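Comments concern the structure below.
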Amino acid sequence: MRLKDVFVELLKNKGIDRIGTSISKIIKSDDPIQKMAVYLTCKKASVCCAKKKLKYSFDLNGNTVIAPPQVYFGKCGGNVILTAEELLSNAKKVGFPYILIDCSFYDLHSKKEKKSLLIQIRETLNVVRRFMWDERLIVTLNCGIGVYYPSTPEFIKKKRVKKVVLLDPNAGKEFDEKKAECYIIGGIVDKSGNKRGLTSKIGEMLEKEGINFESRKILLKGDITGVPDRLNTIAEIVLRVVLDGENVDTAIKKVQKPIIARKRLAKELPKIATRVDVGKAFRVVCKSDFEKFDWLNLRKEDFYKVCSQINHIVVSDNVMDEIRRCRWDEKRERYVLNLN
Ligand SMILES: C[S@@+](CC[C@H](N)C(=O)[O-])C[C@H]1O[C@@H](n2cnc3c(N)ncnc32)[C@H](O)[C@@H]1O
């Protein structure tokens, strides 16, 4: 469930199924209903009686319909039908989580990394807005994005948050669909130096402050390779799983860039390749092996690119059948071809 689902439910209960607006950012948005819900929480606009004569409106699925709206979304003045308070009190019942970016290690970053960190925090806010609203993003860096708290323990104690999950690639346990009230992501960018293990240090700091939490790593089929590590993608994976009910593998594939998928493929291909000896040893894969990797966000060209980079020869299924009819060298685990 996303914030827009709470908004839609409230509109439906008021007998409304068409809403209009003149706010261009909402009209142009690819999710106008979610955007309206977010605007409402920030009190940028509210829902009121339709006074303006609009020809178009949105249905509650966000489709444009050629019909005047029943209610108007914008600066209302009077006649408010749905307030931010009503939406937020209903959203509270759903139990949307907090996404907290812990920036305790900000000073260890280079100038370039700090810039990248700010970009990733801003992108995380965009992710949060696609599922929830601004107040659900907590940032322990006073950068004007999300809600600022000086430290994670301060936020957790003040808000009396009970179930806390620290997302840590070095954790012992795997992240699953289990829900928490707050997900902590390390405000860490790995472009230079060695920041390996820093997220666990955040855990140590929480322990010292007496905060109860669980550490979880996000894995793709048992391996961290292939899991994108940008803060916004980590936030999106978590929200897709806990709010949309997607499984972890599906959520990862949706946010995975081909470059990350290629890295994982390079690790997987040697495991399925057939070894062939023609005086010199080769590793061979079938064209159709591409289909075995439908759990990665790969295009055909990515498959061929990786094969070429790791020196795996791609052959047709017929050629592979021919290879498998050759002599199998048990000891060296390869087929031996006599080309003479
Ligand atoms: C670029 S990562 C930094 C990881 C850091 N070098 C370390 O070894 O702890 C930024 C943040 O994204 C989150 N993260 C990245 N990949 C993750 C994974 N596979 N599982 C859980 N959290 C992950 C963590 O919260 C981490 O602090």
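Nothing here was measured: the structure is a model prediction, and the numbers come from that model.
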Can you give me every donor-acceptor pair (side chain of residues 294-301, partner residue at least two apart or in another chain, under 3.5 Å) with its distance?
unit_1 : atom_1 : unit_2 : atom_2 : d
Trp295 : NE1    : Lys292 : O      : 3.1
Asn297 : ND2    : Gln256 : O      : 2.6
Arg299 : NE     : Asp302 : OD2    : 2.8
Arg299 : NH2    : Asp302 : OD1    : 3.0
Arg299 : NH2    : Asp302 : OD2    : 3.3

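- For Lys271, the NZ atom sits in a packed shell: over 12 heavy atoms of surrounding residues, nucleotides or ligands are nearer than 6.0 Å.
- Of all heavy-atom pairs spanning Ser46 and Cys76, the tightest one is O-SG, 3.2 Å.
- Atom NZ of Lys253 is surrounded by more than 12 heavy atoms from other residues, nucleotides or ligands within 6.0 Å.
- Separating the CD1 atom in Ile260 from the CD1 atom in Ile252 is a distance of 11.5 Å, to the nearest 0.5 Å.
- Within the structure, every pair that satisfies the salt bridge (Lys or Arg N to Asp or Glu O under 4.0 Å) test and touches residues 182-199, not counting sequence neighbours, is listed here: Glu113-Lys195.
- Side-chain contact between Ile310 and Lys267 is absent, with no heavy-atom pair separated by less than 4.5 Å.
- Cluster membership check: Leu60 shares its hydrophobic cluster with Leu10, using side-chain heavy-atom separations under 4.5 Å among Ile, Leu, Val, Met, Phe, Trp and Tyr.
- The pair Lys254-Glu236 fails the salt-bridge criterion, with no side-chain N (NZ, NE, NH1 or NH2) lying under 4.0 Å from an Asp/Glu carboxylate O.
- By the 6.0 Å and 45° rule, Arg136 does not stack over the aromatic ring of Phe96.
- Two residues are said to be in side-chain contact when any heavy atoms from C-beta on lie closer than 4.5 Å; Phe175 and Tyr183 meet this criterion.
- Think of Leu219 as one node in a network of Ile, Leu, Val, Met, Phe, Trp and Tyr side chains linked at under 4.5 Å; its network also takes in Ile224.
- Side chains of Lys263 and Thr225: a donor-acceptor N/O pair is absent below 3.5 angstrom, by distance only.
- Lys287 has no carboxylate O lying under 4.0 Å from a charged side-chain N of Asp317, or vice versa, which leaves the two without a salt bridge.
- None of Ile81, Val47, Ile26 except one satisfies the side-chain contact (heavy atoms from CB on, under 4.5 Å) rule with Ile19; the exception is Val47.
- Although no hydrogens or angles enter the test, the distance criterion places no donor-acceptor pair under 3.5 Å between the side chain of Gln34 and the main chain of Gly62.
- Looking at Thr21, its side chain does come within 3.5 Å of a backbone N or O of Phe73 through a donor-acceptor pair.
- Residues Pro228 and Ile237 come closest through the heavy atom pair CD-CD1, 4.2 Å.
- Side chains of Ser215 and Val165 form no contact here, defined as non-hydrogen atoms less than 4.5 Å apart.
- Residues Leu118 and Cys143 share a closest heavy-atom pair of CD2-CB, 3.6 Å.
- Enclosure of atom NZ in Lys157 by more than 12 non-hydrogen atoms of other residues, nucleotides or ligands within 6.0 angstrom is indicated.
- Heavy-atom contacts from other residues, nucleotides or ligands closer than 6.0 Å to NZ of Lys14 number more than 12.
- Taking all atoms of both residues into account, the shortest heavy-atom contact from Ile27 to Phe58 is CA-CZ, 4.0 Å.
- Within the 3.5 Å criterion, the main-chain N or O of Val285 finds no donor-acceptor partner in the side chain of Asp289.
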Legend entry - Pair Tyr72-Ser22, side chain to side chain donor-acceptor pair (under 3.5 Å): steps then yes or no: CA-CA 9 Å; Tyr72 179 71; Ser22 332; 2.9 Å; yes
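- Using a cut-off of 4.0 Å between Lys/Arg side-chain N and Asp/Glu carboxylate O, Arg2 and Asp244 are scored as salt-bridged.
- Between Asp134 and Val38, the closest side-chain pair of non-hydrogen atoms falls below 4.5 Å.
- Listed for the Arg264 side chain is a donor-acceptor partner under 3.5 Å among the backbone atoms of Leu220.
- Taking the charged nitrogens against the carboxylate oxygens, Asp329 and Arg334 have no contact shorter than 4.0 Å, which rules out a salt bridge.
- Ring planes of Phe303 and Phe293: tilted class, angle from 30 to 60°.
- More than 12 heavy atoms of other residues, nucleotides or ligands sit less than 6.0 Å from atom NZ of Lys217.
- Grouped by direct or indirect side-chain proximity (heavy atoms under 4.5 Å, Ile/Leu/Val/Met/Phe/Trp/Tyr only), Tyr56 sits with Ile66.
- Applying the salt bridge (Lys or Arg N to Asp or Glu O under 4.0 Å) rule to pairs touching residues 169-182 yields Lys178-Glu214, sequence neighbours excluded.
- Taking 4.0 Å as the cut-off between side-chain N and carboxylate O, Lys4 and Asp31 count as a salt-bridged pair.
- Remark: side-chain polar atoms of Ser151 are paired, donor with acceptor, to backbone N or O of Glu154 under 3.5 angstrom.
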Inset, instruction - Determine, step by step, whether Ser316 and Asn318 satisfy the side chain to side chain donor-acceptor pair (under 3.5 Å) criterion, reporting the C-alpha distance in whole Å, the side-chain angles of both residues, the deciding distance to 0.1 Å, and the verdict. - result: CA-CA 5 Å; Ser316 68; Asn318 289 345; 5.1 Å; no
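- Counting heavy-atom neighbours within 6.0 Å of Arg122 CZ, excluding the residue itself, gives a total of 12 or less.
- Under a 4.0 Å N-O distance rule, the pair Glu85/Lys43 qualifies as a salt bridge.
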Legend entry - side chain to side chain contact (heavy atoms under 4.5 Å, CB included) between Asn90 and Leu87, worked out: CA-CA 5 Å; Asn90 278 269; Leu87 176 60; 5.7 Å; no
Inset, instruction - Under the salt bridge (Lys or Arg N to Asp or Glu O under 4.0 Å) rule, what do Asp277 and Arg332 come out as? Steps first, then yes or no, please. - result: CA-CA 10 Å; Asp277 199 323; Arg332 290 156 72 216; 2.7 Å; yes
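- Contact check for Lys112 versus Ser192: no side-chain heavy atoms found under the 4.5 Å cut-off.
- Under 3.5 Å, the side chains of Gln120 and Ser116 contain a donor-acceptor pair of N or O atoms.
- Not a single donor-acceptor pair under 3.5 Å links the side chain of Asn61 to the backbone N or O of Asn63.
- By the 4.5 Å side-chain criterion applied to Ile, Leu, Val, Met, Phe, Trp and Tyr, Ile156 is assigned to a cluster that also includes Tyr98, Leu100, Phe105, Leu108, Ile138, Val147, Tyr149, Phe155, Val161, Val164, Leu166, Ile184, Ile188, Leu198, Ile202, Met205, Leu206, Ile211, Phe213.
- For Lys114, the NZ atom counts as densely surrounded, since its 6.0 Å shell holds more than 12 non-hydrogen atoms of other residues, nucleotides or ligands.
- Of the possible polar contacts, one joining the Ser57 side chain to the Ala67 backbone as a donor-acceptor pair under 3.5 Å is found.
- Remark: Asp17 does not engage Lys12 in a salt bridge, criterion side-chain N to carboxylate O under 4.0 Å.
- In terms of heavy-atom proximity, Cys326 sits nearest to Val336 at CB-O, 3.6 Å.
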Legend entry - Residues Asn232, Thr124; criterion side chain to side chain donor-acceptor pair (under 3.5 Å); working and verdict: CA-CA 4 Å; Asn232 49 306; Thr124 307; 4.9 Å; no
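- The cluster map of Ile, Leu, Val, Met, Phe, Trp and Tyr, joined by side-chain heavy atoms under 4.5 Å apart, puts Trp328 and Ile323 in the same cluster.
- By the rule that hydrophobic residues join a cluster once side-chain heavy atoms approach within less than 4.5 Å of another member, Val139 and Tyr106 end up as members of one cluster.
- Looking at His109, its side chain never comes within 3.5 Å of a backbone N or O of Asp107 through a donor-acceptor pair.
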Legend entry - Evaluation steps, salt bridge (Lys or Arg N to Asp or Glu O under 4.0 Å), between Lys208 and Glu204: CA-CA 6 Å; Lys208 271 191 200 143; Glu204 287 168 22; 5.8 Å; no
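- With hydrogens and angles disregarded, a donor-acceptor distance shorter than 3.5 Å links the side chain of Gln70 to the backbone of Arg18.
- For the residue pair Gly197 and Asn170, the shortest heavy atom distance occurs at CA-ND2, 3.5 Å.
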